[in-house]
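The structure under discussion appears below in the form of structure tokens.
Convention: sequence-line order gives letters A, B, ...; per-chain numbering from 1.
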Amino acid sequence: MDGNASGEDYENIDWDTEDELEIQNIAPSSSLVTRNAEVIVGNGEASSSAGPSNSNLLQHFLGMGFSEQLIVKAIKENGETNTESILESLLTYAALEDSPDELNPCHLNSPQQQQCVDNGQLSSDYDESFLDDLSESDSWSGSEVAEIASSLPEHEKVLLSLANMGYTVEEASAAVARCGPEASIAELTDFIGAAQMAKTEDVFFEEEKPKISLANGGLKKRKLYELEMWKRKKRKGMLNEEDDVLRLPNPMIGFGVPTDAMVVTHRTLPEAAIGPPFFYYENVALAPKGVWDTISRFLYDVQPEFVDSKYFCAAARKRGYVHNLPIHNRFPLLPLPPRTINDALPLTKRWWPEWDKRTKLNCLQTVIGSARLTDRIRKALEKWGDDPPLHVQKYVIEECRKWNLVWVGKNKLAPLEPDEFEMLLGFPRNHTRGGGISRTDRYKSLGNSFQVDTVAYHLSALKDVFPNGINLLSLFSGIGGAEVALHRLGIPLKNVVSVEISEANRDIVRSWWEQTNQKGNLIHLADVQQLNGDRLEQFMGSFGGFDLIVGGSPCNNLAGSNRVSRDGLEGEQSSLFYDYFRILDLVKCIMNKQQ
DNA sequence: AATACAATGATGGGGTTT
DNA sequence: AAACCCCATCATTGTATT
């Protein structure tokens, strides 16, 4: 396995854990069904013969825009009592069965944007809020939520509830205005549903606003998030120990890493997930609870592959990858990059004190440690000789880990340089240098990027499949981690449609494209939200479909370092995930049609 | 020299898992 | 309890433009 001599690499590896089983061959999307297996059997008969006794329930889901047929099916499967499971099933049906040919290029987290063949409407991920709303007002009387909710005026509570169900504040406000302030949630959703079905939104709502913009409501996002947290807790308590939430594997090696025997060589993908096209989605592994469940549910119930790039290079990078790629015949890029700090940054060895036991760097982020910090540390160390006392050592090590500092002189620590970022992440030297990009922007772009060796290892399975090269749709391309990975794998890039909002990043990729003498075509677009079915069909018509769709959507609102707006998947930037899904689903449909 | 804007520097918490 | 984290904001400094 690990050919490297330094034994410290194994420190965190728990070889005989059983966790690794969790991410693998578990039958996909079984949780919804198996969890309520007994309910299905028990209630199925009664429901099918007599229909739902609770017509209120039916009405309610109708009001949300789901078709009667689907609702009955969902109630059959889940029983009448478990409204949450019903909604979950409805969402799943909608996500899997919709023909989204004519989905608008806007966010799917708002039911307004859903156009389904059967009039079904997707709601957002906020299934738990629905339960609260059905069980009416006393759900607000919990002592915990009281502090949060009590600070809100009554009408804002209602707006918040609706927002949590995926409606925009505009929709919610319009509904309240029409139905009156005393209207129940059910009435309001009925109104909105009717408005949507009539497709006369514009009469009621000025213009489609894809995001749940709480600015208008005067609510702080912070409160929304706290409320979410509380509800999740509450749900856990109510349904006692739901263990269908994804858990992170340990060790985080996915289906295997080059230095390790492949733990799994085969998996069964859900039917709906199978290509063409192949797809590859990436985001941070340590997202708020429930985020990966949602991502997985949207991406055809494919279980994420969680991998830490510390098994590929000298820096940690814990990421989840949802993809439908083959997982046999993987191979790494050569030469294998250095996998310890020592090997990656040999000049630091001379100054590395024996009491700093680190062999791997932590995750390379978008910002670096300050000069003042390293100055403080130097002064603290200079007071002592070669052997500082334990409490000083502890302080220094703590700051080193927090800021990824390395030793560059006696008592002298420093953050990594941008070119060291490039090297550790597997990019060619000076990939992000020059051409008008600032130093801080380099850090930002690199910190947001793929680790090339890791991604290349996963994509390597495609080399045999596409010996003549591929057509690539690259969303949220950034500095082109996927493109670089494919190029280094020797997979020719025929046509690349690359969507990236940052001009600086587009410049970097274009410059790389020219410097590496690419033979194919590079088409750059700026905004995923502008990429609609017409554009896609145009591209796909000209070169015959995409072979691979890669993308890592923004993690701003998921990342742990964000202390201000860690709002989850519905956050301002991170909700662009739904555009990844939208575009992927569009491409799938178009390709099916063309066959 | 005054101004506008871009780049940099410093600071600050908490959710989650082990 | 400890460790970790593709960060946002604002004050300050640097640079270009008038």
Side-chain angles (χ1 to χ4, degrees), chain A residues 11-14 17 19 22 220-222 225-226 228-230 232-233 236 245-252 281-292 306-310 315-321 357-358 360-376 394-395 397-404 415-416 418 421 424-425 427 432 436-452 454-455 476-479 481 500 502-505 551-568 571-574 576-577:
Chain A
E11 53 193 355
N12 294 327
I13 306 182
D14 182 9
T17 180
D19 287 348
E22 294 185 273
K220 289 210 202 95
K221 286 180 192 163
R222 193 71 220 154
Y225 184 63
E226 282 171 10
E228 279 316 307
M229 287 293 94
W230 174 82
R232 291 208 171 105
K233 267 199 255 168
K236 239 185 181 173
V245 285
L246 290 173
R247 296 199 51 184
L248 296 179
N250 185 10
M252 200 178 275
Y281 174 81
E282 179 262 8
N283 216 322
V284 292
L286 286 84
K289 272 185 179 169
V291 165
W292 276 107
F306 291 106
V307 182
D308 189 337
S309 291
K310 76 178 178 184
R317 205 167 188 79
K318 298 181 183 65
R319 296 292 180 271
Y321 305 90
K357 305 291 187 193
R358 289 177 299 157
K360 302 276 189 187
L361 293 161
N362 274 334
C363 184
L364 275 49
Q365 302 195 83
T366 55
V367 290
I368 60 169
S370 67
R372 187 170 293 185
L373 172 66
T374 53
D375 190 49
R376 277 200 300 268
K394 190 176 175 226
Y395 159 71
I397 293 294
E398 202 176 296
E399 296 298 324
C400 283
R401 302 179 97 103
K402 188 191 297 181
W403 292 105
N404 253 345
L416 295 169
F421 267 51
L424 289 164
L425 291 172
F427 287 93
T432 60
I437 190 171
S438 73
R439 189 179 159 84
T440 41
D441 283 345
R442 286 181 79 186
Y443 282 118
K444 181 163 289 183
S445 294
L446 286 161
N448 283 320
S449 166
F450 287 166
Q451 206 286 328
V452 170
T454 310
V455 172
F476 315 101
S477 303
I479 58 175
E500 167 58 37
S502 153
E503 186 181 2
N505 285 345
S553 62
C555 69
N556 298 23
N557 312 113
L558 310 180
S561 305
N562 187 346
R563 323 169 185 211
V564 182
S565 55
R566 197 183 186 190
D567 299 329
E572 187 177 355
Q573 287 83 25
S574 294
L576 289 171
F577 158 74

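Taking atom CG on A:Leu558 and atom P on B:dG15, their separation rounds to 15 Å, with Å as the unit. For the pair A:Arg563 CZ and B:dT11 C1', the computed distance is 8 Å after rounding to whole Å. Atom CG in A:Leu286 sits roughly 7 Å away from atom C1' in C:dC5 (whole-Å rounding). Rounded to whole Å, the distance from CD1 on A:Ile397 to P on C:dC4 is 11 Å. At whole-Å resolution of the value, CZ in A:Phe421 and P in C:dC6 are 12 Å apart. Here the C1' atom of nucleotide B:dA6 and the CD1 atom of A:Ile437 are 14 Å apart, to the nearest Å. We find that CD of A:Gln573 is positioned 7 Å from P of C:dA8, with the value rounded to whole Å. Between the CG atom of A:Leu248 and the P atom of B:dG15 there is a distance of 17 Å, given to the nearest Å.
Nearest-nucleotide assignment on DNA chain B puts the 5′-proximal partner with A:Gly436, out of A:Gly436 and A:Gly369. Comparing A:Ala287 and A:Ala559 by the nucleotide of DNA chain B that holds the closest heavy atom to each, the one mapping nearer the 5' end is A:Ala559. Where A:Asn557 and A:Cys363 meet DNA chain C, the nucleotide closest to each residue was compared, and A:Cys363 sits on the side nearer the 5' end.
The side chain of A:Asn362 places an N or O atom within less than 4.0 Å of a non-bridging phosphate oxygen (OP1 or OP2) of C:dC5. OP1 and OP2 of B:dA6 both lie 4.0 Å or more from every side-chain N or O belonging to A:Ser438. The phosphate of B:dA10 has OP1 or OP2 within less than 4.0 Å of a side-chain N or O from A:Arg372. Between A:Ser561 and C:dC5, a side-chain N or O to OP1/OP2 separation shorter than 4.0 Å is absent. Considering only side-chain N and O atoms, A:Arg317 lies nowhere under 4.0 angstrom from the phosphate OP1 or OP2 of C:dC6. Note on A:Lys289: a side-chain N or O is less than 4.0 Å away from OP1 or OP2 of B:dT17. The side chain of A:Thr440 contributes an N or O atom lying less than 4.0 Å from OP1 or OP2 of B:dT8. For A:Arg442, no side-chain nitrogen or oxygen approaches OP1 or OP2 of C:dC6 to under 4.0 Å. Dashed line: the shortest gap from a side-chain N or O of A:Asn562 to OP1 or OP2 of C:dC5 is not under 4.0 Å.
Qualifying salt bridge (charged side-chain N to carboxylate O under 4.0 Å, His left out) partners for A:Lys444, counting only residues two or more places apart in sequence or in other chains: none. Applying the side chain to side chain contact (heavy atoms under 4.5 Å, CB included) rule to A:Glu398 yields no partners; only residues at least two apart in sequence or on another chain are considered. Remark: A:Ser561 engages A:Gln365 in a side chain to side chain contact (heavy atoms under 4.5 Å, CB included) (not counting sequence neighbours). Not counting sequence neighbours, the partners of A:Glu282 by the side chain to side chain contact (heavy atoms under 4.5 Å, CB included) test are A:Arg319, A:Tyr321, A:Phe450. Listed by chain and residue number, nothing satisfies the salt bridge (charged side-chain N to carboxylate O under 4.0 Å, His left out) test with A:Lys394 (two or more places apart in sequence, or in another chain).
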Problem set entry | side-chain contact (heavy atoms from CB on, under 4.5 Å) between A:Cys400 and A:Arg358, intermediate numbers included | CA-CA 9 Å; A:Cys400 283; A:Arg358 289 177 299 157; 3.5 Å; yes
One pair to check against side-chain contact (heavy atoms from CB on, under 4.5 Å): A:Arg247 and A:Trp292. What are the steps and the verdict?
CA-CA 9 Å; A:Arg247 296 199 51 184; A:Trp292 276 107; over 6 Å; no
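Residue A:Gln451 places no side-chain atom within donor-acceptor reach of the base of C:dC6, judged by atom type and a 3.5 Å distance cut-off alone. Taking only distance into account, the side chain of A:Arg401 never meets the base of C:dC4 through a donor-acceptor pair shorter than 3.5 Å.
Nearest nucleotide to the A:Lys318 side chain, out of B:dG12, C:dC4, B:dA10: C:dC4. The side chain of A:Lys394 sits closest to C:dA2 out of B:dT16, C:dC6, C:dA2. Relative to the side chain of A:Val564, the nucleotides B:dT8, C:dA8, C:dA2 differ in distance, and C:dA8 lies closest. Here the nucleotide nearest the side chain of A:Arg247, chosen from C:dC6, B:dT18, B:dT8, is B:dT18. The side chain of A:Asn448 lies closest to C:dC6 when the candidates are B:dG13, C:dC6, B:dA10. Comparing B:dT11, B:dG12, B:dG15 by their nearest atom to the side chain of A:Arg376 picks out B:dT11.
For the pair A:Leu424 and A:Gln451, the tightest heavy-atom approach, listed with the atom from each and the gap, is O-NE2, 3.0 Å. Counting all heavy atoms, side chain and backbone alike, A:Cys555 lies closest to A:Asn283 at CB-OD1, 3.1 Å.
Look at the P atom in both B:dG9 and C:dC6: the space between them is 23 Å, to the nearest Å.
Contacts of A:Gly552 with the nucleic acid, taken as non-hydrogen atoms under 4.0 Å apart, include base atoms. Residue A:Arg319 is in base contact, counting any heavy-atom pair closer than 4.0 Å across all strands shown. Residue A:Ser309 is out of contact with every strand shown, counting any heavy-atom pair closer than 4.0 Å.
Considering A:Leu361, A:Leu446, A:Ile368 in turn, A:Leu361 is the only one that fulfils the side-chain contact (heavy atoms from CB on, under 4.5 Å) rule with A:Leu416.
Among the duplex regions that DNA chain C forms, those built from at least three successive Watson-Crick or G-U pairs under 3.5 Å are B:1-12 with C:7-18, B:14-18 with C:1-5, ordered by first number.
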